[in-house]
Amino acid sequence: MSGYRDAFRTSIDDPERFWGFEHGAASAIDWHRPPTRALDSSNPPFYRWYPDGELNTCHNALDRHVEAGHGERTALIYDSPVTGTRRSYSYAGLRDEVARFAGVLAGLGVTKGDRVVIYMPMVPEAAIAMLACARIGAVHSVVFGGFAAPELAVRIDDAAPKVIVSASCGIEVKRTVEYKPLLDRAIELANHKPERCVILQRPQAPAAMGERDVDWASALDKATPADCVPVAATDPLYILYTSGTTGKPKGVVRDNGGHAVALRWSMANIYDVGPGEVMFTASDVGWVVGHSYIVYAPLLTGATTVLYEGKPVGTPDAGQFWRVIAEHGVKAMFTAPTAFRAIKKEDPKGALLGSYDLSGFEYLFLAGERLDPETLRWAQDLLRVPVIDHWWQTETGWPIAANLMGLEPLPVKPGSPTVPVPGWDVAVLEPSGSPAAPDTDGAIVIKLPMPPGSLPTLWNDDQRFVASYLSAFDGYYLTGDGGHLDADGYVFVMGRTDDVINVAGHRLSTGTMEEVLASHPSVAECAVIGVADQLKGQVPRGFVVLKAGVSADESELSAELIGMVRDQVGAVASFKEVAVVPALPKTRSGKILRKTMRGIADGPNGGRDEPVPSTIDDASVLDALRPILRGR
Ligand code: COA
Ligand code: AMP
């Protein structure tokens, strides 16, 4: 099949044909038991892909390529400017290491269906641990290293892991972060206690080991390699927690079969990366982008993935991405726009690019936040390759809208991630549920069923899955993003319609930060909103109202509150601003007008054009707040 329109139509009208094993995308995967049908829609709104198929994701990512004679091909390149390390793993070498670590886990009693939490920096062992879980049918849950102990504890309690895999430390540009004390504290806070923790000791800051702890290297030395265990296509491969509107994160479940099929398809059709070609995704294994395009998709394809430990700038300079592309022969790179804004700030003319040979470089893919037209133009002018904005979410696991480089490249429209990817029946609805006219903003939704790879449910919480995503519009998944379609069918994503914010490409909940501020004994009520930031896209800003009779030194209180958010949510929240205000603007029913506050802080014309809802309780409260909201 060729051409975007044909592919899209078939994917929606005949999903069995498009995604099935006989004629469709599922044939690109090695099945232990091939599925006789693609989609099980017998229990809406719960849909399952490949209900009678069996496979092993690790086999498809590693063993399969070795067995096909590609064992010497490079699977993973670890490039770490922060430690001065470069290390390559062949497919055979990575398979052996993963099999041995799977043996370590099996030796600790981990079996099919058990959960393993992985709290690691960007080292190859993080990917090895993920693949080892997949190998024995265990369910991994990777927690981003920038989250603090209480956030890790919430995830430990929800996933109830038998084992946790961690490292002694992570290395940030300006400091070494000791992970082990954070892990110990999280286990202390959690009600659920893992039986064992496997700790990778790093020379930069070795950790003190406790009774529960097992040393990665010595356990690996003694381990017997474990084989791949066939699992049902519908069995969970991983749980990945993501921020929702409330403080409690959502455990997005990913299945084995749909995930493997969708990611393999996406590599050929969206990213145009094939076996033996090199993909460099600069993200973190703690985010969905890292799961899908650092670890699983490149390996399922038999391609080479670059796992980069470091930032785009600093250590030693803002030319590191160009160095990696040139040194490892990267064909396609994927990162968040914020990384390019950071490089542009340090090296606006791109002088550092001059010394590198980028002749093999073909595409730059950007996602994770809105791609502002200025960054798009800067990257296009500098790199002279297609710069592809694409839109997706933790829940979807792979792109919903993209310009499909492998299938049929389409003209780029700045501000748009281009068109719905085959499988994703995107619509924009008005609050009434009627389709919005072209170019008119509304809620971006996806008609059910969603394609393979999308979340089947939330971990242990079917009810929250339905309430969060499926109840706003019958028969549709609510993305939480607002925007429009234009007359050509291009998607424009304008921003979240809920209290989720996006800080340097990291998805965070303002609700979680509000819970922390509200726990301070002097705080009566509070609001946290995301405001525009030139580098990070958005940053959080807090507003607190003190309890009656409490007087506090504002700068001391601010420092204390900022410290609390850092300790309880994590440095990654970049929570650096909080103001004490006399009152918060509310509706007559008591809802804080966060959207109006955001509009005033960020809006054109100093926010003067921001509409004030007719439901406002006391407009003078908002007027008093205006100078504070605008004053940054
Ligand atoms: N472990 C521990 N701490 C971490 C961490 C980790 N894995 N990741 C980030 N942090 C800390 C940082 O050290 C920083 O701490 P500080 O306040 O003491 O300086 C804080 O969390 C904020 O980190 P970050 O948001 O990354 O800001 P930064 O100023 O260090 O770097 C960018 C800004 C834009 C360069 C960087 O965020 C980036 O490259 N982002 C784009 C790529 C990406 O990861 N996208 C994710 C989804 S695609
Ligand atoms: P995450 O689940 O961390 O991947 O974050 C998903 C959210 O990031 C989406 O719901 C959007 O709000 C935002 N996002 C991701 N990619 C894009 C994009 N290309 N354009 C606009 N917003 C994006």
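Whatever order the structure lists them in is the order used to number ligands and atoms, beginning at 1.
Contact annotation: Val572 has at least one heavy atom less than 4.0 Å from an atom of ligand 1. Using a non-hydrogen distance threshold of 4.0 Å, Phe144 registers as a contact of ligand 1. In this structure, Gly145 counts as a contact residue of ligand 1, since one of its heavy atoms falls inside 4.0 Å of the ligand.
Scanning the protein for heavy atoms near atom 20 (C) of ligand 1, the closest one is Ala571 O, 3.3 Å. Closest protein heavy atom to atom 48 (S) of ligand 1: Ser283 OG, 3.6 Å. Closest to atom 45 (N) of ligand 1 among all protein heavy atoms lies Ala336 CB, 3.8 Å. Scanning the protein for heavy atoms near atom 27 (O) of ligand 1, the closest one is Lys536 NZ, 3.0 Å. Of the protein's non-hydrogen atoms, the one nearest atom 37 (O) of ligand 1 is Ala504 CB, 3.5 Å. At the top of the distance list for atom 38 (C) of ligand 1, counting protein heavy atoms only, stands Pro312 CD, 4.2 Å.
The residues Lys331 and Asp272 are annotated as salt-bridged, a charged nitrogen and a carboxylate oxygen being separated by less than 4.0 angstrom. Here Glu346 does not pair with Lys311 in a salt bridge; the nearest charged N to carboxylate O distance is not below 4.0 Å. Arg341 has no carboxylate O lying under 4.0 Å from a charged side-chain N of Glu374, or vice versa, which leaves the two without a salt bridge. Between Arg87 and Glu125 a salt bridge is recorded (basic side-chain N to carboxylate O distance below 4.0 Å). Under the 4.0 Å criterion applied to side-chain N and carboxylate O atoms, Lys250 and Asp461 are not assigned as salt-bridge partners.
In this view, His484 and Phe492 satisfy the ring pair (Phe, Tyr, Trp, His ring centres under 6.0 Å) rule, not counting sequence neighbours. Every ring pair (Phe, Tyr, Trp, His ring centres under 6.0 Å) that Trp216 has, sequence neighbours left out, goes to Phe101.
Considering Ala367, Ala282, Gly505 only, the shortest heavy-atom separation from atom 42 (C) of ligand 1 involves Ala282. For atom 14 (C) of ligand 1, the choice among Arg566, Lys174, Arg175, Lys576 with the nearest heavy atom turns out to be Arg175. Here the shortest heavy-atom distance to atom 36 (C) of ligand 1, taken over Lys311, Met122, Glu172, belongs to Lys311.
In summary, of the residues considered (Trp392, Tyr238, Tyr296, Phe144), a ring-ring contact (aromatic ring centres under 6.0 Å, His included) with His291 occurs for Tyr238 alone. Screening Thr281, Val285, Leu300, Ile128 for a side chain to side chain contact (heavy atoms under 4.5 Å, CB included) involving Val295 leaves a single residue, Val285.
Both tests do not hold together for Arg155 against Tyr119: distance to the six-membered ring centre under 6.0 Å, angle to the ring axis within 45°.
Protein heavy atoms are absent from the 4.0 Å sphere centred on atom 32 (C) of ligand 1.
Taking distance alone, with nitrogen or oxygen atoms compared against 3.5 Å, Thr338 stays at or beyond that limit from ligand 1. Where the criterion is an N or O separation shorter than 3.5 Å, residue side chain and backbone included, Val503 fails it with respect to ligand 1.
Residue Tyr179 approaches ligand 1 through these ligand atoms, each under 4.0 Å from one of its heavy atoms: 1 (N), 6 (C), 7 (N). When each atom of ligand 1 is checked for a heavy atom of His506 under 4.0 Å away, the hits are 25 (O), 26 (O), 37 (O), 44 (O), 46 (C). The contact set between ligand 1 and Ser574, taken as ligand atoms under 4.0 Å from a residue heavy atom, comprises 22 (C).
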Task: Full working for side chain to side chain contact (heavy atoms under 4.5 Å, CB included) between Tyr469 and Leu458 - done: CA-CA 10 Å; Tyr469 302 109; Leu458 294 176; 4.1 Å; yes
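Looking at Tyr308 against ligand 1, nothing comes within 4.0 Å, counting heavy atoms.
Ring geometry, Tyr271 versus His390: the interplanar angle exceeds 60°, so the pair is classed perpendicular (tilted spans 30 to 60°).
Ligand 2 is surrounded by Val288, Gly368, Glu369, Arg370, Asp389, His390, Trp391, Trp392, Gln393, Thr394, Asp481, Val493, Arg496, Asn502, Arg507, each with at least one heavy atom closer than 4.0 Å.
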Which atom pairs, one a donor and one an acceptor, fall under 3.5 Å between side chains of residues 413-426 and the rest of the protein, sequence neighbours left out?
residue : atom : partner : partner atom : Å
Lys413  : NZ   : Asp486  : OD2          : 2.6
Lys413  : NZ   : Asp488  : OD2          : 2.6
Ser416  : OG   : Thr418  : N            : 2.9
Ser416  : OG   : Val491  : O            : 2.5
Trp424  : NE1  : Pro399  : O            : 2.9

